[in-house]
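Down below is the structure, laid out as structure tokens.
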Amino acid sequence: MYIFQGEKMKKTLDREKTVIKCPACFDLALCLDCGQAFRWEKTENGWRGVISGREYLLNQNGSSLEVSGSTDSESIHILENYFDFDRDYEAILDTLNNDKYFSKAASEYYGIRILRQESWEALCSFIISQNNNIPRIKGIISRLCENFGENTGNGAYSFPSAQRLSLLEVSDLAPLRSGFRAKYIIDAARKVSFGEVDLKKIEKMPIEQARQTLMSVKGVGPKVAECALLYGFNRLEAFPVDVWVKRILKELYPKGLPECFSGYEGIAQQYLFHWRRNLDTKE
DNA sequence: AGCCAGGACAAGT
DNA sequence: ACTTGTCATGGC
């Protein structure tokens, strides 16, 4: 987790505060803590995190999003894009709600949006996620950033670039305690850094070709590729199937997904994932 | 203490 | 084309 430097940092983050108007269907805490991003930390002053090397401290107050830390216009633009504020989730949920199970999940967890995370961070994070649990995933990623990211100046760290990680050896990642995943992280960093896997090109590829390209990375199978596409490339039709979603499919949709999910399977997946996971685990 | 985790891979059918 | 054992680590 982040290391804070007391009052000095607090003043830096509080110096300027900007308020953004939120769209309908936006719950900050749910967005940041529903299993799609692993790096946001809830503190007594709000949700703290880093996007594109910029540090943010966020608080939601009804339809207002209070932002401190990075508050220049470019940083605000980055934040609005991160939350995909321009997308009309009300309209999408109207359609998805035709399914009764989704409707139930959305009634309990209204306000989840699919974040537009940076593609490299999403890919790398979900490589780490495989056969792993969320608390430990967060710890490994936190150590990855502390060891190889850049300090924002306040004790928070950026997500290390593929270029930076490509220069390391597997043994350099020992402090992460990521187990067998270390070699996958290095392979991904090298393929991305050397352009063998071109993330910019993947953005424009047909989804099936994008899947195949991502899976050319060691340690990236169907599930991790699907997560990268959904969370890192905003492919809302991507549908990651983990053990929880597998249970959902078996218990609720033995004959397949309903037609009303078409095009937004990933959003449906996120609501159902979070809902199903919280039936067994209490936060 | 033992099972499980936002899986992938290789080896074996 | 399907099944099974293995892989590190640690949360619960």
Side-chain angles (χ1 to χ4, degrees), chain A residues 1 30-41 105 109 112-117 119-144 146-147 159 168-192 197 210-253 257 265-283:
Chain A
M1 294 302 139
L30 279 177
C31 289
L32 300 182
D33 202 27
C34 68
Q36 59 175 323
F38 304 106
R39 241 159 83 62
W40 289 92
E41 184 190 9
Y109 298 107
I112 292 177
R113 304 170 78 87
I114 300 298
L115 302 172
R116 303 185 68 155
Q117 302 182 60
S119 55
W120 164 245
E121 177 169 345
L123 174 60
C124 190
S125 295
F126 280 92
I127 285 172
I128 291 168
S129 80
Q130 67 177 82
N131 196 31
N132 210 342
N133 56 65
I134 289 178
R136 195 165 85 97
I137 294 165
K138 289 179 177 176
I140 292 170
I141 293 175
S142 178
R143 292 189 288 277
L144 176 68
E146 287 167 16
N147 280 279
F159 196 92
L168 303 175
E169 300 299 329
V170 174
S171 58
D172 294 322
L173 298 186
L176 309 187
R177 305 196 299 277
S178 59
F180 61 86
R181 304 164 191 84
K183 55 183 179 290
Y184 299 152
I185 297 170
I186 296 298
D187 185 64
R190 292 182 179 168
K191 286 201 168 86
V192 169
V197 171
R211 283 189 180 103
Q212 295 309 319
T213 305
L214 287 166
M215 286 196 292
S216 71
V217 176
K218 289 178 193 163
V220 178
K223 198 275 182 180
V224 172
E226 215 64 5
C227 285
L229 287 168
L230 179 59
Y231 306 119
F233 294 91
N234 202 235
R235 295 292 179 99
L236 300 181
E237 73 272 37
F239 189 77
V241 179
D242 75 316
V243 296
W244 298 103
V245 175
K246 212 166 279 180
R247 285 168 193 147
I248 292 166
L249 292 175
K250 184 177 177 183
E251 295 165 1
L252 305 181
Y253 306 104
L257 296 181
E265 290 87 347
I267 295 177
Q269 176 270 156
Q270 197 62 35
Y271 277 85
L272 291 166
F273 166 81
H274 190 62
W275 170 69
R276 182 62 181 81
R277 204 170 88 88
N278 279 101
L279 286 181
D280 295 3
T281 65
K282 40 199 169 200
E283 289 288 306

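Chain A is the first sequence line, chain B the second, and so forth, proteins listed ahead of strands; every chain is numbered from 1.
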Would you say the side-chain atoms of [X] pair up with the backbone N or O of [Y], donor to acceptor, closer than 3.5 Å?
X	Y	result
A:S129	A:F126	yes
A:E226	A:K223	no
A:Q270	A:C34	yes

Please work out if [X] contacts a base, only the sugar-phosphate, or nothing of the nucleic acid, heavy-atom cut-off 4.0 Å.
X	value
A:V241	nothing
A:G35	base
A:Q269	base

Take atom NZ of A:K218 as the centre, draw a 6.0 Å sphere, and report whether it contains more than 12 heavy atoms from other residues, nucleotides or ligands.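 No, not enclosed.
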Grab the CD1-C1' distance between A:I140 and B:dA5 for me, whole Å please.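 The distance from CD1 of A:I140 to C1' of B:dA5 comes to 11 Å, rounded to the nearest Å.
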Expressed as a whole number of Å, how far does the [atom1] atom of [N] sit from that of [M]?
N	M	atom1	value
C:dT3	B:dG6	C1'	22 Å
C:dA8	B:dA11	P	15 Å
C:dC12	B:dG7	P	16 Å

Determine whether any donor atom in the side chain of A:Q270 lies under 3.5 Å from an acceptor atom in the base of B:dG6, or the reverse, and answer yes or no. yes
Treating primed atoms plus P, OP1 and OP2 as sugar-phosphate and everything else as base, which nucleotides of nucleotides 1-12 of chain C get B, S or - for protein heavy atoms under 4.0 Å? ------BBBBSS
Judged by each residue's nearest nucleotide on DNA chain B, which is more toward the 5′ side, A:C227 or A:M215? A:C227
